[in-house]
Amino acid sequence: MRIAFYAPLKSPNHPVASGDRQMARTLVKALEHAGHSVELASELRFYLPEPVPKIFDALKIEAREEAERLTKLWDRDGKPDLWFSYHPYYKAPDLIGPELASAFSIPCVTAEASYSRRRNAGLWADTQALVARAVEQAALNICFTQRDRQGLTDAIPDAALGMLSPFIDTSVFGEMPARGCPTRLVTVAMMRPGDKVESYRMLAQALGPIGHLPWTMSVVGDGPARDEVKAQFAGLPADRIVWLGAIEPAAVPDVLYSGGIYVWPGYGEAYGVAYLEAQAAGLPVVAQDIAGVPEAVRDGQTGFLTPPGDVAAFASAIERLLTRNDERTIMAAEARRFILEERSLGVAAGRLAELLAKIPVS
């Protein structure tokens, strides 16, 4: 099929690295791997950080202009077989695809769409209504987590849903180098206000009680909350932590290979691409049993998921992996097997082929 791909929150070509951009890119790869022709329909970023009507109105005008541009393009060059919308949610609804799909009689597919009733207030209620209409119209809505699936089911009972487990391109993790330092902790996360800062805060609190153990930590990440994040770790020995800042995505595997345990509490994580990458590099994970994290980490097999907000339990899980070498080694091997065999690009491409084959196209 010829697929028009659109990610309203962040284009695959967006200059700022993030898990969202990475998954958009990897989805395109998986669709191409499954034999489809994929074209980026638009790079318009329809993102509403705050519920400000004036900004929303301006974005709607831009979306309408993009729809008009694509209409002329498709009238001239022919329409695609399918519109694929990645990650529409209340702050980034897709205001282009549903309209064009109706006008050109082509099916719509969404991936990682989400709906949360607690957001139904003020302007967010209006943007969520747009998401709900798009989900209801779609021939298929591909869910990455059970949490998202349940949210869509509750809001739009008749929506057509399918499951695709979170995945990564594992090709950069093909060869396993010599094992890194088993007591080196690693975390990879942006430094921005909200859930990211909260996760960094919890991590710093958990490291204090295990200061008697010989751990060190590499931190990859940067952002507007850098100073606030670093302040959380001020009470820990400075020589224990290496702040690597923002690095190119291609350099992340080497950092992961240099460590022994991946640690990140994961407040608000949709599922966490970084967890998948860490496990592909053979790092067992310590995270919270929260949000979509259980979709990416198998508790007791590829890592430990601790109760939300329980700093002592989080610290204890890190201590356990630092002091039980045999258990850490077994978990590391299982983590790598899990990702390479069950969450690879090839596996995802096969699943996407199955899902899309059920959609009738003209």
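- The shortest side-chain heavy-atom distance between Met163 and Gln146 falls under the 4.5 Å cut-off.
- Tracing side-chain contacts under 4.5 Å through hydrophobic residues (I, L, V, M, F, W, Y), one reaches Val38 starting from Met1; they form part of the same cluster.
- Going from atom CD of Glu295 over to atom CG of Asp148 covers 8.5 Å, rounded to the nearest 0.5 Å.
- Residues Leu9 and His14 are not in side-chain contact: their nearest non-hydrogen atoms beyond the backbone lie 4.5 Å or more apart.
- For the residue pair Tyr89 / Asp94, no side-chain donor-acceptor distance below 3.5 Å is found, with atom types taken as modelled.
- The nearest pair of heavy atoms linking Tyr271 to Met23 is OH-CG, 3.4 Å.
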Task: Verdict with supporting geometry, Thr306 and Gln288, side chain to side chain donor-acceptor pair (under 3.5 Å) - done: CA-CA 5 Å; Thr306 62; Gln288 293 184 99; 5.4 Å; no
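- In the model, Arg328 has a side-chain atom that pairs as donor or acceptor with a side-chain atom of Asn325 under 3.5 Å.
- Considering only heavy atoms from C-beta on, Leu152 comes within 4.5 Å of Cys143 through its side chain.
- A donor-acceptor distance shorter than 3.5 angstrom exists from the side chain of Arg25 to the backbone of Pro12, with no hydrogens or angles considered.
- Side-chain contact between Glu277 and Leu256 is present, with at least one heavy-atom pair separated by less than 4.5 Å.
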TODO: Test side chain to side chain contact (heavy atoms under 4.5 Å, CB included) on Asp20 and His87 and set out the steps.
DONE: CA-CA 8 Å; Asp20 199 83; His87 200 187; 2.5 Å; yes
Open item on the list: What verdict does the ring-ring contact (aromatic ring centres under 6.0 Å, His included) test give for Phe104 and Trp83, after you've listed the backbone C-alpha separation in whole Å, the side-chain angles of each residue and the deciding distance to 0.1 Å?
Closed with: CA-CA 10 Å; Phe104 283 87; Trp83 180 272; over 10 Å; no
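- Among Ile241, Leu244, Val188, the one residue that satisfies the side-chain contact (heavy atoms from CB on, under 4.5 Å) test with Val219 is Ile241.
- Gln232 and Glu198 share no donor-acceptor pair across their side chains, judged by distance under 3.5 Å alone.
- Counting heavy atoms from C-beta on, the side chains of Asp289 and Pro294 come closer than 4.5 Å.
- Asp81 places none of its side-chain heavy atoms less than 4.5 Å from the side chain of Ile106.
- The two residues Gly272 and Ala296 come nearest to each other via the heavy atoms O-CB, 4.2 Å.
- Between Phe84 and Phe5, the angle of the ring planes stays under 30°, which puts this pair in the parallel group of the 30/60° scheme.
- Salt bridge annotation for Glu50-Lys91: absent, with no cationic side-chain nitrogen under 4.0 angstrom from a carboxylate oxygen.
- To the nearest 0.5 Å, atoms CE (Met191) and NZ (Lys230) are separated by 6.5 Å.
- For Lys29, the side-chain contact (heavy atoms from CB on, under 4.5 Å) test picks out Asp169, Leu345, with sequence neighbours left out.
- Between Glu342 and Val347, the shortest heavy-atom contact is O-CG1, 3.6 Å.
- Minimum interatomic distance between Glu112 and Ala270 (heavy atoms only, all atoms of both residues): OE2-CB, 3.8 Å.
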Open item on the list: Assess the residue pair Trp74 and Leu100 against the criterion (side chain to side chain contact (heavy atoms under 4.5 Å, CB included)); give the C-alpha distance rounded to whole Å, side-chain angles, the decisive distance to 0.1 Å, and a yes or no.
Closed with: CA-CA 10 Å; Trp74 294 357; Leu100 286 174; 3.8 Å; yes
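- Taken together through direct or relayed side-chain contacts under 4.5 Å among Ile, Leu, Val, Met, Phe, Trp and Tyr, Val131 and Leu59 form parts of separate hydrophobic clusters.
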Task: Residues Leu356, His36; criterion side chain to side chain contact (heavy atoms under 4.5 Å, CB included); working and verdict - done: CA-CA 10 Å; Leu356 298 186; His36 302 293; 3.8 Å; yes
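- For the atom pair Thr110 OG1 and Asn141 CG, the distance stands at 3.5 Å (nearest 0.5 Å).
- Linking ILVMFWY side-chain heavy atoms closer than 4.5 Å, directly or via other members, places Leu123 and Tyr115 in two distinct hydrophobic clusters.
- Taking a cutoff of 4.0 Å between a charged side-chain nitrogen and a carboxylate oxygen, Arg133 and Glu136 do not qualify as a salt bridge.
- Ring pair Phe144/Tyr86 is tilted by interplanar angle, where 30° to 60° counts as tilted.
- Counted by atom type alone, Glu39 and Tyr6 present zero donor-acceptor pairs between their side chains at under 3.5 Å.
- Contact record, Gly259 with Val186: CA-CG2, 3.8 Å, taken as the closest heavy-atom pair.
- A single hydrophobic cluster is seen to contain both Leu236 and Ile210, as judged by linkage of ILVMFWY side chains at heavy-atom distances under 4.5 Å, directly or through other members.
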Open item on the list: What verdict does the side chain to side chain contact (heavy atoms under 4.5 Å, CB included) test give for Arg184 and Val242, after you've listed the backbone C-alpha separation in whole Å, the side-chain angles of each residue and the deciding distance to 0.1 Å?
Closed with: CA-CA 10 Å; Arg184 176 167 287 277; Val242 178; 4.2 Å; yes
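- Side chain to side chain, Gln279 and Thr302 meet the donor-acceptor criterion of an N or O pair below 3.5 Å.
- Once rounded to the nearest 0.5 Å, the distance linking OG of Ser105 with NZ of Lys79 reads 5.5 Å.
- A salt bridge links Arg201 and Glu228; the closest N-O separation between the charged side-chain nitrogens and carboxylate oxygens is under 4.0 Å.
- Atom OG of Ser37 sits about 12.0 Å away from atom CG of Leu82, to the nearest 0.5 Å.
- Taken to the nearest 0.5 Å, the CD1 atom of Ile3 stands 9.0 Å off from the CD atom of Glu32.
- Using a 4.5 Å cut-off on side-chain heavy atoms (C-beta onward), Trp124 and Leu48 make contact.
- There is no side-chain donor-acceptor pair under 3.5 Å between Ser11 and Arg45.
- Under the 4.5 Å side-chain heavy-atom criterion for ILVMFWY residues, no single connected hydrophobic cluster contains both Val135 and Tyr90.
- Taking the charged nitrogens against the carboxylate oxygens, Lys196 and Glu269 do have a contact shorter than 4.0 Å, which makes a salt bridge.
- For the pair Phe167/Val273, no side-chain contact is recorded, criterion being any heavy-atom separation below 4.5 Å from C-beta on.
- Across all their heavy atoms, Ala280 and Ile168 have their closest contact at CB-CD1, 4.0 Å.
- Here Lys54 does not pair with Asp57 in a salt bridge; the nearest charged N to carboxylate O distance is not below 4.0 Å.
- With sequence neighbours excluded, no residue satisfies ring-ring contact (aromatic ring centres under 6.0 Å, His included) with Trp215.
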